[in-house]
Amino acid sequence: MIAFIIRRLVQAALVMLAVAFIAFAMFNFVGDPVAIMAGQDLPAEQRIELRKSLGLDDPTPVRFARFVGNAVQGKFGLSYRTAEPVGKMIVERLPATLELSVMAMIVALAVGIPMGVFSGLYPQHWLSRAMMTVSLIGISLPTFLIGILLILIFAVMLGWLPSFGRGDVIRIGGWSTGLLSVSGWKAIILPAITLGLFQMTLIMRLVRSEMLEVLRTDYIKFARARGLSNRAVHFGHALKNTLVPVITITGLQLGSIIAFAIITETVFSWPGVGLLFLQSVQAVDIPVMAAYLVAIGLLFVLINLIVDILYFVVDPRLRSQSAKAGAK
Amino acid sequence: MSSPKLLEVRNLRVEFPTRRGTLVAVDDVSLDISAGEVLGVVGESGAGKSMTGAAIIGLLEPPGRIAAGEIRLEGRRIDNLPYHEMRKIRGRQIGAIFQDPLTSLNPLYRVGDQLVETIQTHLPLNQAQARARAVKLLEDVGIPSASERINAYPHQFSGGMRQRVVIALALAAEPKLIIADEPTTALDVSIQAQIIQLLKRLCREHGTAVMLVTHDMGVIAETADRVAVMYAGRIAEIGPVQDVIKRPHHPYTVGLMGAIPAMGHKVERLTQIDGSMPRLNAIPKGCAFNPRCPKAFDKCFRDRPEPMPAGTSQAACWLVQEPAHV
């Protein structure tokens, strides 16, 4: 188990190095930083001077090593657009995105799993058929359209929920949370639903097909033959066996929810990193884009690591396999 | 047959509605099992052996359904019970053992938890008592150091050991009848005999009756008190095991017995039955065995024989009535 985690950490470090290299390459290939910083009429000698003082003359490996060294300490330089430290900008906005993403995932799981279980248990029921049809809509409608529709209904027509922003934010240490105020909760509902709807339908369909698969297995038949109650058979024996793929998908999707919250954040003017990224792209603010890339890469790697560990918790067969592998 | 009947199956018919018409998997099957008795059920694949077993414990896979007949357990009709009533009978009154021990146990739960869960479903025991009983059961089925192995997961057992766990699970609530559907087919030959001996011993000790579904005549000869030979969804012959083996009446049974190599006899070739069992959607008129029967005569192609007394057995064959054709 520990050997496995160490192995995974080494892999994760390699992945991060690759991501960092791509981020680093952006500085070199998307325009010349000196040309961006300095005006057009700066004399050539001063240009060379500036280049030297910024360390841009050094060989590429040295510059990459310096970039990685700074990145590890959370230093990504100053934003071209606002002249603020990039690390600080990202860290300030990350809580908003993480809260939104986690809420979206909770909504997706809390609604998607029960719906999937139900439609897996009673595939012929009219409600299951209705859910399958509605889930098709959920999968095929683009996020921004759902967001705009929700705003139209609940913010404009009914006036129940705000259409933009995070509501009142309370700071706890370095973390700003909207989940401790009523207006914060009201503000997160619509974007969380918008962001989670696709995942919800995905999870529902996944759980449904896994349930149908598992219910056909011999151990379910044997569990019934032992006279266990339906609840024990369905939720104890069947559901647990569907969880491994659900965990995989949830992990991968949580990563992509965070990374692709950009659209939802834009629609709801949600002050998260997605919105920041979009503003930075418009302003060709390369340090922010590079830092965003590294931050999202790190989140993906961390989530995947957690998912791999969760497999071990759910499935005892993996535990003994790794024990055997470790003994060799 | 004066002993009270534990299980009575009367004119059981199991149908599978399909897009291309209804398939009759079990047709007009009647059989009895007395308390403590071992009834062997043999036949080729698709003869309806397993379907009969599944119908008795009420676990036919939809769309399969009992279309006619009745099943009585100690005189009480059980084939038409609602699901939650039948659930209380399963495990408590009728246990089941399936073919493949590798897939019968839930891979994600410790064997002890699966035992305790089953015990507590049926018996009013608390956690500690149920656990003590689970250890006892594992010891009974011959699992070494049961008190430690109770915490193991199914994948940590070999196939034979897993089938022992399955037997322990089937016996957990002391059912009166166990339906063992090919309990040794998936095991090594060397393990098969052990498992059969174990099943036989435990059922004798607990007074449990067994319906042993198999296609292994050797197992039947060693284990069963009576045997039912099934062919194309019907019972071809049923009777005390020694009589059926030594003096078979139905030509199909005769063919089956001829296909078993006997110890001590020097035989050049084993006899075989030509052809194969008809598909369920193409069962011939009259006796289903008539295309393969060496002794078929005109009546066999016209009328379907019902089981009729033949010595100590019953055989569904017109030859029993008209021995002139033998």
Side-chain angles (χ1 to χ4, degrees), chain A residues 1 113 117 119-125 128 207 210-248 309-327, chain B residues 53-54 56-63 83-111 113-115 117-123 151-156 162 165-166 168-173 175 178-181 186:
Chain A
M1 176 83 187
I113 290 181
V117 170
S119 62
L121 289 178
Y122 310 104
Q124 306 298 327
H125 199 281
S128 307
V207 171
E210 287 293 323
M211 276 301 268
L212 287 173
E213 192 77 17
V214 169
L215 285 174
R216 275 201 295 268
T217 59
D218 281 355
Y219 55 81
I220 293 300
K221 200 173 149 199
F222 189 53
R224 287 194 205 284
R226 286 188 274 143
L228 302 185
S229 67
N230 267 343
R231 212 181 59 192
V233 172
H234 295 158
F235 295 96
H237 288 267
L239 186 59
K240 196 172 177 188
N241 274 283
T242 67
L243 281 185
V244 166
V246 172
I247 290 172
T248 314
I309 293 168
L310 274 181
Y311 287 163
F312 280 80
V313 178
V314 174
D315 196 335
R317 283 168 294 186
L318 292 172
R319 275 174 244 161
S320 69
Q321 268 167 26
S322 82
K324 272 180 218 150
Chain B
I56 291 170
I57 49 172
L59 284 178
L60 282 171
E61 303 255 342
Y83 187 87
H84 63 277
E85 291 282 325
M86 192 59 207
R87 176 177 83 67
K88 290 180 195 148
I89 289 177
R90 282 199 287 268
R92 184 76 185 90
Q93 312 269 4
I94 308 178
I97 299 169
F98 294 129
Q99 181 172 347
D100 191 351
L102 300 182
T103 55
S104 289
L105 299 169
N106 190 331
L108 303 187
Y109 287 89
R110 296 171 201 276
V111 295
D113 294 342
Q114 300 191 41
L115 274 162
E117 173 188 48
T118 313
I119 293 165
Q120 288 194 316
T121 302
H122 297 294
L123 305 175
N151 288 320
Y153 287 95
H155 69 269
Q156 293 164 319
R162 272 192 238 186
V165 173
V166 169
L169 276 164
L171 287 170
I178 284 189
I179 296 182
D181 190 353

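Just so we're on the same page: letters track the sequence lines, and every chain starts at 1.
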[atom2] on [Y] to [atom1] on [X], rounded to 0.5 Å:
X      : Y      : atom1 : atom2 : value
B:I179 : B:L59  : CD1   : CG    : 9.0 Å
B:Y83  : A:N230 : OH    : CG    : 4.0 Å
B:I57  : B:L60  : CD1   : CG    : 9.0 Å

Task: Residues which pass side-chain contact (heavy atoms from CB on, under 4.5 Å) with B:L102, listed by chain and number, not counting sequence neighbours - done: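 Applying side-chain contact (heavy atoms from CB on, under 4.5 Å) to B:L102 gives B:D100, B:R162.
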Open item on the list: Suppose we screen for side-chain contact (heavy atoms from CB on, under 4.5 Å). Which residues come up paired with B:Q99, at least two apart in sequence or across chains?
Closed with: B:E182, B:T185
Open item on the list: What part of B:I94 gets within 4.5 angstrom of chain A, counting heavy atoms only: side chain, backbone, both, or neither?
Closed with: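 Answer is backbone: N, CA, C or O of B:I94 sit under 4.5 Å from chain A.
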TODO: Just jot down the ring pair (Phe, Tyr, Trp, His ring centres under 6.0 Å) partners of A:Y122, sequence neighbours excluded, or say none.
DONE: A:F118
- [ ] Classify the side-chain pair B:E117/A:H237 by whether it contains a donor and acceptor separated by less than 3.5 Å.
- [x] yes
Task: Choice from A:A223, A:S229, A:G236 maximising heavy atom contacts with chain B below 4.5 Å - done: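 Most pairs with chain B among the choices: A:S229.
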- [ ] Write out, in numerical order, the residues from residues 213-221 of chain A with a heavy atom short of 4.5 Å from a heavy atom in chain B.
- [x]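 When heavy atoms of chain B are the reference, residues 213-221 of chain A contributes A:D218, A:Y219, A:K221 within the under-4.5 Å range.
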- [ ] Sort out for me which of B:R92, B:Q114, B:H84 touches chain A most, counting heavy-atom pairs under 4.5 Å.
- [x] B:Q114
